[in-house]
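Sharing a structure here in structure tokens format.
Here is how names work: the chains are called A, B, and so on, in the same order as the sequence lines, proteins then strands, and each is numbered from 1.
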Amino acid sequence: MNNQMELIKDDYKVILEVFEGPLDLLLYLIKKDEVDIYDIPIGRVTDQYMEYLKLMKVLDLNIAGDFIVMSATLMLIKSRMLLPVEERPDMTDEEEEDPRWDLVRQLVEYKKFKDAADHLEDLELHMENVFGRESEHVELGAPPDVDLRDASIFDLISSLNEALGRVQEEDLQEIFAEEYTVSQKVTYIVENLKIAKRLSITDLFTGMNSRQEIICTFLAVLELIKLNRIAAVQDDQFGDIVVEAREPEKNEIEAPEEALVVKGELL
Amino acid sequence: MSESTIDVLPELKQIVGALLFAAKEPLSIKRMRKAMIETGNGFAGPYEQYAKATDQQIEGALEELQEDLDKAKLGLGVAKVAEAYRLQNDAACGPFVRALLEKNQTMRLSKPALETLAIVAYRQPCLRSEIEEVRGVSVDGVLRKLIDMQLVRVVRRSELPGHPWLFGTTQKFLEHFGINTIADLPGSQELRRALPTEGKKQSTETFPEMEEELGAEKGEAEATEDESVAALDEEIQSDSSGMEDEPQIV
Amino acid sequence: MSESTIDVLPELKQIVGALLFAAKEPLSIKRMRKAMIETGNGFAGPYEQYAKATDQQIEGALEELQEDLDKAKLGLGVAKVAEAYRLQNDAACGPFVRALLEKNQTMRLSKPALETLAIVAYRQPCLRSEIEEVRGVSVDGVLRKLIDMQLVRVVRRSELPGHPWLFGTTQKFLEHFGINTIADLPGSQELRRALPTEGKKQSTETFPEMEEELGAEKGEAEATEDESVAALDEEIQSDSSGMEDEPQIV
């Protein structure tokens, strides 16, 4: 696995800023598994967290140190949970001293602000249609950066994780035998999007039996998102992610209605 | 300004409608009252009645205007944003206006930006470290961009070691989201929390309280009722400079 | 996002009202029809009906709007100017509008504020400590107010220990003092000191460049209009020259 990582790094480097933090990832995992936030199965969540973190490292995403700190916290909680109740340090009240409590509190608080942010988003959407006199409109300026409409980086990683899960662990010889590159896959995706317009990520991985090929394909998707050539869209929560070509192509002119509807995201 | 050529004197509602229409930014009731006082004094005669219009009467006229606009379905409405009033088009007509103005590509804030904003909005004035505590990730870049966009501003330095900056939201923030006051945001009681360190001080300086304070001050000023335009000016200035404690300009 | 967030479809009268309200200049019926065609085609579904609106229907909606406005006495009316329509305030309210607009909220800056501004202008991006070095006093309060007044902004953090903020002037600063660029300030060569590390970076982030970028985008958007609209455009011809909305970034 290590060799594989090196291979990819040398080949192509996608640095996508991850603004989402470890709390986002935890909430994502909790929501995905539909577990109770007040009774987190810490072992399972920790394993999943580590799995995502590993993938993010493989992908060379620009992840903050906070992710590492959180993994340590999770491990600590997990180990404390394994201790019999009477052996836990600083024990006074069973309810209060659940090792998970601080984390739960933090998550619940963060969730509240996420909801508040959703409310702001609704307001923003509404205000988009509201103009003052002489089109006085609050302008934020700056062109869109990266278009990750609806789909978060964790959704993307989740799809990669699934694809990798379907493939057998391969021995190293096989990895070196096959020569997949990210640039090759970039071309592959761009060509395919000319025909299909929309491609589901799952379909993109279909028929790929090599972990390296899957990872290269995934990195190509990230690269194209970063270059603003494609957008990742997710229609249902935790549904399949679809990539589609973004506007600027010259041959897209016949669809002005698209322009009305395509929105950029800031930051 | 001497005599007028106008035969029929307009109602307050009409004046308020015309003022909102002509203004380039949201108008406070005081700004409108000032225009009425100046006109009343300038034209004298029957116009003097306008100089005596009270804030309550103007507010009543605004309500009437709003009701009439809603009823008549003219595509317009009155909104209260950042404690001031403005005319705006009905959201339902927005797509057409956007087509006219060619504003199809609208910028939207990303989730991390919205979350950061939400924390600043509820917790202001707050430190960068407080935002990071809630979000669990560094917010340096996001915060800088929000400041560049003038959605967040530096309020002042805290008294903590190193005197880090305290951040708050701006007038533009309220305008961008069409919010009247921070207190109107849902769950603001719950999400706002006193800080242990700066707690005492902060609790007198969060927005709703400050507004109350300002309101109280204003109340006093009105009680003394110095109707001179200069006095109004001072009030308008202190209003428009935002949540400033000192009414003087720099 | 092809679905709209709007539940109730607006009447033609509302649309026409909203369009006149938001427009920067009088609108011809053709301009309004174009906006309806674009929106109708863009949103499709029930919106398609708007693409079929005729000149006669739009004219009818304008008449209705005018009648309703007259009846409701809202201080506004529709006027036909050179074959185009615009909203305007009732003449009877004119004196009040003039009183409102005549008073330009002038900013009077104090001497310390002007000095601080001058230092920021010449030395930007600069640290608070640099300003204090020149002025010999703490500038914390003054600086904060200048930021509130949007004459000074936080540019970014410096790379020095503690990462203190770097300050610079804003677009509004240029507008307020009627300056074209910072380089136009007298003696700027002499007073500005070369910033070897920081200077380079900043020059790629100046606003004119961003505006150019935005301008380029708009050009593309215009090119994507479909035939029928293009035909309408030709008819509208001279109008569209004044249509550009300057991106207002500060």
Residue Leu87(B) versus chain A: region with a heavy atom under 4.5 Å:
backbone
Let me know if Leu76(B) has heavy atoms under 4.5 Å from chain A in its side chain, its backbone, both or neither.
neither
Contacting moiety of Phe21(B), where chain A heavy atoms sit under 4.5 Å:
both
Are any side-chain N or O atoms of Lys172(B) and backbone N or O atoms of Met149(B), one a donor and one an acceptor, separated by less than 3.5 Å?
yes
Hey, are Lys80(B) and Glu83(B) close enough for a salt bridge, meaning a charged N less than 4.0 Å from a carboxylate O?
yes
Main-chain N/O of Ala117(A) paired to Glu115(B) side chain as donor or acceptor, under 3.5 Å
no
Please classify the contact of Ala121(B) with chain A as side chain, backbone, both or neither, using a heavy-atom distance under 4.5 Å.
neither
Are any of the side-chain nitrogens in Arg86(B) or Glu25(B) under 4.0 Å away from the carboxylate oxygens of its partner?
no
Identify which part of Asp115(A) has an atom lying under 4.5 Å from any heavy atom of chain B, answering side chain, backbone, both or neither.
neither
Could you tell me whether Lys71(B) and Glu67(B) have a side-chain N and a carboxylate O separated by less than 4.0 Å?
no
